[in-house]
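Below is one structure; the comments refer to it alone.
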Amino acid sequence: MRWAVLGGGHWGTALAVYLLRQGHTVQLWGRCAKRLPCQPDRVDLFPIFPQCARPEELRCTVDLSAAVRDSEGIVLAIPSHALRALMTTLRTCLPPATLLVLASKGLEMQTALRLDQVLQETVPNVPMVVLSGPSFAHDLILGKPLAMTVASTNPTYAQRAAEAFGSAQMRVYTSDDVAGVCLAGAIKNVLAIAAGISDGLGNGDSARAALITRGMAELHRLGTALGGRTETFMGLAGAGDLILTASSDLSRNRRVGVGLGRGLSLEAVLREIGEEAEGVCTAQALFQLAQRLGVDMPITEQVYRVLFEGTAPRVASDVLMRRARRSELQMPPDVTLSSAES
């Protein structure tokens, strides 16, 4: 297939290189680039992967219309806050019947919409799948094995994407739970910040395990209230991605939390990381969404308060530990949603 990968960061670049290795033709687009000294007509978007040379056949451009021209598939690997504006621009030059593969994770901060809903609003009736699961760009580009989920309400689209991405390196499962896969990918980033804060405070491995487990309960409560399925939240896009993101030092969101737990300001942490950490913006949208729906999400609430209200990480940790005792099996009241919210 002819693919355009939109997003010149680590994840977009890793996906572009991976698709090249599977025999596809790939054009990588990003907003910022540098000219190649030997070939001034070409630009380089390749981020720093110390153990991987830039493939000669990887074509890069900063021209959006040129990137997607004649493409059969378009991978979206851009920050969540940029998705609506990009797709509003892109809809005038989308090739007919091109398949959109949403590889970004998060919620739109202003509306708290899932990213697939943003696509539905900006480019309605375009074939779309969501690609998610426990995966780091570092592992993908180094050829390490991993497993992902592709979700679509149309099984033909899901199968088409699974065939394009599946290989001996990447095992791909299909799903029709688009809402669940998108929500899991967004919520796990916020919970990873919480796990990082705990580690930064020196709370230990046991505390991290407890946070991940109770975070899964929060993910499940909100996710099922918004139409996702339990099986999704226990699968690759849910538990798998959460465990990876909350436990590994390769996780930017976990590193944000670690820095905060060690006493750094949010600005200092983000400056040190130098890349997008989706969990920061998502925490605000997620907290507001949970408040509006009346869904109990105490870990998410404390992450929000640390990030946006200046609550000290140790205070947030103590608040969680001092919550009223309850049965682990106790279920919160049912949440009834309007059709517009679901």
Side-chain angles (χ1 to χ4, degrees), residues 1-79 82-83 85-105 119 122-123 126-131 135-144 146 148 150 157 160-170 172 274-276:
M1 290 179 64
R2 294 184 301 275
W3 286 93
V5 177
L6 307 185
H10 283 74
W11 184 226
T13 303
L15 287 169
V17 172
Y18 173 78
L19 287 170
L20 273 175
R21 290 172 178 166
Q22 307 317 309
H24 301 284
T25 302
V26 182
Q27 182 88 278
L28 176 64
W29 172 88
R31 295 186 184 278
C32 302
K34 61 182 180 181
R35 295 287 169 184
L36 294 175
C38 313
Q39 300 168 283
D41 60 323
R42 293 183 62 189
V43 296
D44 190 12
L45 294 162
F46 203 72
I48 298 173
F49 286 105
Q51 296 169 280
C52 181
R54 180 191 185 281
E56 283 297 319
E57 63 272 30
L58 180 63
R59 304 297 298 184
C60 303
T61 183
V62 292
D63 184 331
L64 184 60
S65 61
V68 302
R69 188 178 301 130
D70 299 325
S71 63
E72 298 170 275
I74 298 174
V75 177
L76 301 170
I78 62 173
L83 184 63
L86 179 71
M87 298 312 297
T88 300
T89 301
L90 188 61
R91 62 187 173 195
T92 60
C93 53
L94 275 178
T98 192
L99 178 67
L100 294 182
V101 177
L102 178 61
S104 304
K105 299 173 183 177
L119 291 182
T122 53
V123 285
V126 174
M128 182 195 71
V129 303
V130 180
L131 176 69
S135 52
F136 286 140
H138 174 272
D139 292 336
L140 180 62
I141 206 164
L142 293 182
K144 297 182 179 181
L146 48 84
M148 302 281 282
V150 287
Y157 300 154
R160 185 178 168 195
E163 290 172 359
F165 282 85
S167 72
Q169 180 190 354
M170 183 188 294
V172 179
E275 298 176 75
E276 293 281 344

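- For the atom pair OG of Ser104 and CG of Leu6, the computed distance is 9.5 Å after rounding to the nearest 0.5 Å.
- Met128 and Tyr157 make their closest contact through N-CD1, 4.1 Å (heavy atoms, listed as atom of the first residue, atom of the second, distance).
- Atom CD1 in Ile78 sits 9.0 Å away from atom CG in Leu102 (nearest 0.5 Å).
- In terms of heavy-atom proximity, Pro127 sits nearest to Thr98 at CD-O, 3.6 Å.
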Please step through side-chain contact (heavy atoms from CB on, under 4.5 Å) for the pair Leu90 and Leu64, ending with a clear verdict. CA-CA 8 Å; Leu90 188 61; Leu64 184 60; 4.0 Å; yes
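- Under the 3.5 Å distance criterion, the side-chain polar atoms of Thr122 are left unmatched by any main-chain donor or acceptor of Thr88.
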For a ring-ring contact (aromatic ring centres under 6.0 Å, His included) check, start with the C-alpha distance between Trp3 and Phe165, then their side-chain angles and the critical distance, and finish with the verdict. CA-CA 11 Å; Trp3 286 93; Phe165 282 85; 5.5 Å; yes
Would Arg160 and Met1 count as a side-chain contact (heavy atoms from CB on, under 4.5 Å) here? Give the steps. CA-CA 10 Å; Arg160 185 178 168 195; Met1 290 179 64; 3.8 Å; yes
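- Closest heavy-atom contact between Leu28 and Gly12: CD1-O, 4.1 Å.
- Between atom CG of residue Leu15 and atom CG of residue Leu131 there is a gap of 6.5 Å, rounded to the nearest 0.5 Å.
- Applying the side-chain hydrogen bond (donor to acceptor under 3.5 Å, both in side chains) criterion to Glu275, with sequence neighbours excluded, gives His10, Arg252.
- Put simply, the side chain of Gln169 gets close to the backbone of Leu140: a donor and an acceptor are under 3.5 Å apart.
- Across all non-hydrogen atoms, the minimal contact from Ala103 to Val75 is CB-CG1, 4.0 Å.
- Residues Val62 and Gly30 come closest through the heavy atom pair CG1-O, 3.3 Å.
- The CD1 atom of Ile141 lies 4.0 Å from the SG atom of Cys52; values are rounded to the nearest 0.5 Å.
- One distance of note links CE of Met87 with CG of Leu100; it measures 5.0 Å at 0.5 Å rounding.
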Which pairs would a plain distance check flag for residues 65-73, meaning a side-chain donor or acceptor within less than 3.5 Å of a matching protein atom at least two apart in sequence or in another chain?
residue: Ser65; atom: OG; partner: Asp63; partner atom: OD1; Å: 2.9
residue: Ser71; atom: OG; partner: Val68; partner atom: O; Å: 2.8
residue: Glu72; atom: OE1; partner: Arg2; partner atom: N; Å: 2.8

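- Of all non-hydrogen atoms in Ala16 and Leu58, the two that sit nearest each other are CB-CD1, 4.0 Å.
- Atoms CG and CD, on Leu20 and Glu57 in that order, are 5.0 Å from each other to the nearest 0.5 Å.
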Determine, step by step, whether Val5 and Thr13 satisfy the side-chain contact (heavy atoms from CB on, under 4.5 Å) criterion, reporting the C-alpha distance in whole Å, the side-chain angles of both residues, the deciding distance to 0.1 Å, and the verdict. CA-CA 8 Å; Val5 177; Thr13 303; over 6 Å; no
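- With a 4.5 Å cut-off on side-chain heavy atoms, Leu83 and Leu119 count as touching.
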